[in-house]
There are 2 protein chains.
Amino acid sequence: MASKNGRMSHTEVLPLLEPQAAVPCCPPLNERPMSAGEAEIAAKMFKALGDPVRLRLFSAVASHEGGEACVCDISDVGVSQPTVSHHLKKLKDAGLLSSERRGTWVYYRVEPAVLAAMGALLAGTEKAT
Amino acid sequence: MASKNGRMSHTEVLPLLEPQAAVPCCPPLNERPMSAGEAEIAAKMFKALGDPVRLRLFSAVASHEGGEACVCDISDVGVSQPTVSHHLKKLKDAGLLSSERRGTWVYYRVEPAVLAAMGALLAGTEKAT
DNA sequence: AGGCTGTTTCGACATCTGTCGATGCGTGTG
DNA sequence: CACACGCATCGACAGATGTCGAAACAGCCT
């Protein structure tokens, strides 16, 4: 392995280009090859959305009015209720959702910062055309 | 399940809002709850990027000059060569990369359309704040 | 208190996934 | 032509993952 090329560096990863704060995680995918550590972090977020059921649950929460929804409102995704809970937990562990109990119901809401970070990861890639 | 809410519809999913063609797949995540079919498709793309090694490989290709790279240029990711090949195949199957043999080497390049589609999926979510 | 409903946790299990070494295929080179 | 090199495929295997039913936990309500 490793052969036939011989340049790199440039785009030194300036610490602050835009005012995008909040979970910066990593530079755009096409900025420079991702390090192992960065990839580990970013892959967690992508993996969380890499399941159809989780994606539907996430979309259901994100599209719900107020940006939040209780479990009872979004558990019509074709799997058992424990499975729904399991997936919500995964989304929460990945940092994509946060939960809060209010009386009988538990409400989930999207974590906007992480979403922005993922968007930024992909957004930069458009220049690579 | 299913209780306690009672509205939906609005945002009828106009067939063409912006000139964004190419692999539209699905509306932004917060537009409306994703259907099972849409989720199936979109989850494939996210899952493809949901592995650290694949993410590094993808980033390596995306950041390489010319937007393409031969396998030999990007196979320093800490796994064996067959594993690299396996992951590249997965990225290709997911539609994120395309490959082309030129003489001895095989070159991979990013598929910009799909990238744009994923970006659009996440981009809309910013309004959900 | 007792029961009811909403949600999470617990085991269990089949399947999928990432990884490797060995092997095969395609292409230049001696 | 024989060999070396780049890359893909094959078979195997340990570990992760999605799913379920049963049970536990947490608030309401009568």
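Because the structure is predicted, anything quoted here is derived from the model rather than measured. In the text below, chain A, chain B and the rest are named by the order of the sequence lines, each starting its count at 1.
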Next item on the list: To the nearest Å, give me how far apart CG (B/Leu88) and P (D/dG6) are.
Entry: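 Checked: the CG to P distance equals 16 Å.
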
Determine all donor-acceptor pairs shorter than 3.5 Å in which one atom belongs to a side chain in residues 82-97 of chain A; sequence neighbours excluded.
unit_1  : atom_1 : unit_2  : atom_2 : d
A/Thr83 : OG1    : A/Ser80 : OG     : 3.0
A/His87 : ND1    : A/Arg54 : NH1    : 3.2
A/Lys92 : NZ     : A/Ser99 : OG     : 2.7

Notebook entry, point to check: Just to confirm, is there a sub-4.0 Å distance from OP1 or OP2 of C/dT17 to any side-chain nitrogen or oxygen of B/Lys47?
Noted result: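 True: B/Lys47 side-chain N/O within range (under 4.0 Å) of C/dT17 OP1/OP2.
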
Margin query: In whole Å, I'd like the distance from the NZ atom of A/Lys89 to the C1' atom of D/dT17.
Written below: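 Computing the A/Lys89:NZ to D/dT17:C1' distance gives 15 Å.
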
Item checked: Selected nucleotide, minimal atom distance to B/Cys72 side chain, candidates C/dT8, D/dC7, C/dT7 ->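 Of all the options, the side chain of B/Cys72 is nearest to D/dC7.
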
Check: Does the B/Glu38 side chain pair with the main chain of B/Ser35, one donor and one acceptor, at a distance under 3.5 Å?
Finding: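 Checking the backbone N and O of B/Ser35 against the side chain of B/Glu38, a donor-acceptor pair under 3.5 Å is found.
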
Notebook entry, point to check: How does protein contact run along nucleotides 19-30 of chain D, one letter per nucleotide 5' to 3', with B for base contact, S for sugar-phosphate only, - for none, heavy atoms under 4.0 Å?
Noted result: BBBB----SS--

Next item on the list: Round to a whole Å and report the spacing from CD1 of A/Ile74 to P of C/dG6.
Entry: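 The distance from CD1 of A/Ile74 to P of C/dG6 comes to 14 Å, rounded to the nearest Å.
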
Next item on the list: Could you pull out the closest heavy-atom pair between A/Cys72 and A/Ser75, with the gap in Å?
Entry: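 Minimum heavy-atom separation between A/Cys72 and A/Ser75: O-OG, 3.6 Å.
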
Note to self: Could you check whether any side-chain heavy atom of B/Tyr107 comes within less than 4.5 Å of a side-chain heavy atom of B/Val61, counting everything from C-beta outward?
What the structure shows: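 In short, these two side chains do not touch, never coming nearer than 4.5 Å.
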
Item checked: Sequence-distant partners of B/Glu40, side chain to side chain donor-acceptor pair (under 3.5 Å), two or more places apart ->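 So B/Glu40 forms no side chain to side chain donor-acceptor pair (under 3.5 Å) with any residue.
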
Notebook entry, point to check: Atom NZ of B/Lys90 to atom P of D/dC7: distance rounded to whole Å?
Noted result: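 Checked: the NZ to P distance equals 21 Å.
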
Next item on the list: Measure the distance from CZ on A/Arg56 to C1' on D/dG18 and round it to the nearest whole Å.
Entry: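 Whole-Å distance recorded here is 16 Å.
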
Check: Given D/dA8, is OP1 or OP2 found less than 4.0 Å from the side-chain N or O atoms of B/Tyr108?
Finding: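 Checking B/Tyr108 against D/dA8: at least one side-chain N or O falls below 4.0 Å of OP1 or OP2.
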
Check: What is the nucleic acid contact for A/Lys92, judged by heavy atoms within less than 4.0 Å: base, sugar-phosphate only, or nothing?
Finding: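 No contact.
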
Next item on the list: Using whole Å, report how far CG of B/Asp76 lies from P of D/dG6.
Entry: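 So the CG-P distance, B/Asp76 to D/dG6, works out to 12 Å.
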
Check: Taking atom C1' of C/dT17 as reference, at what distance in whole Å does atom NZ of B/Lys44 sit?
Finding: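 Those two atoms, NZ and C1', are 16 Å apart.
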
Check: Under a 4.5 Å cut-off applied to non-hydrogen side-chain atoms, are A/Trp105 and A/Val71 in contact?
Finding: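 A side-chain contact under 4.5 Å is absent here.
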
Note to self: How many whole angstroms separate atom CG of A/Leu91 from atom C1' of D/dT17?
What the structure shows: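 Whole-Å distance recorded here is 14 Å.
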
Next item on the list: Check whether any side-chain N or O of A/Arg101 sits under 3.5 Å from a backbone N or O of A/Gly103 as a donor-acceptor pair, and report yes or no.
Entry: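 Side chain of A/Arg101 to backbone of A/Gly103: a pair is present.
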
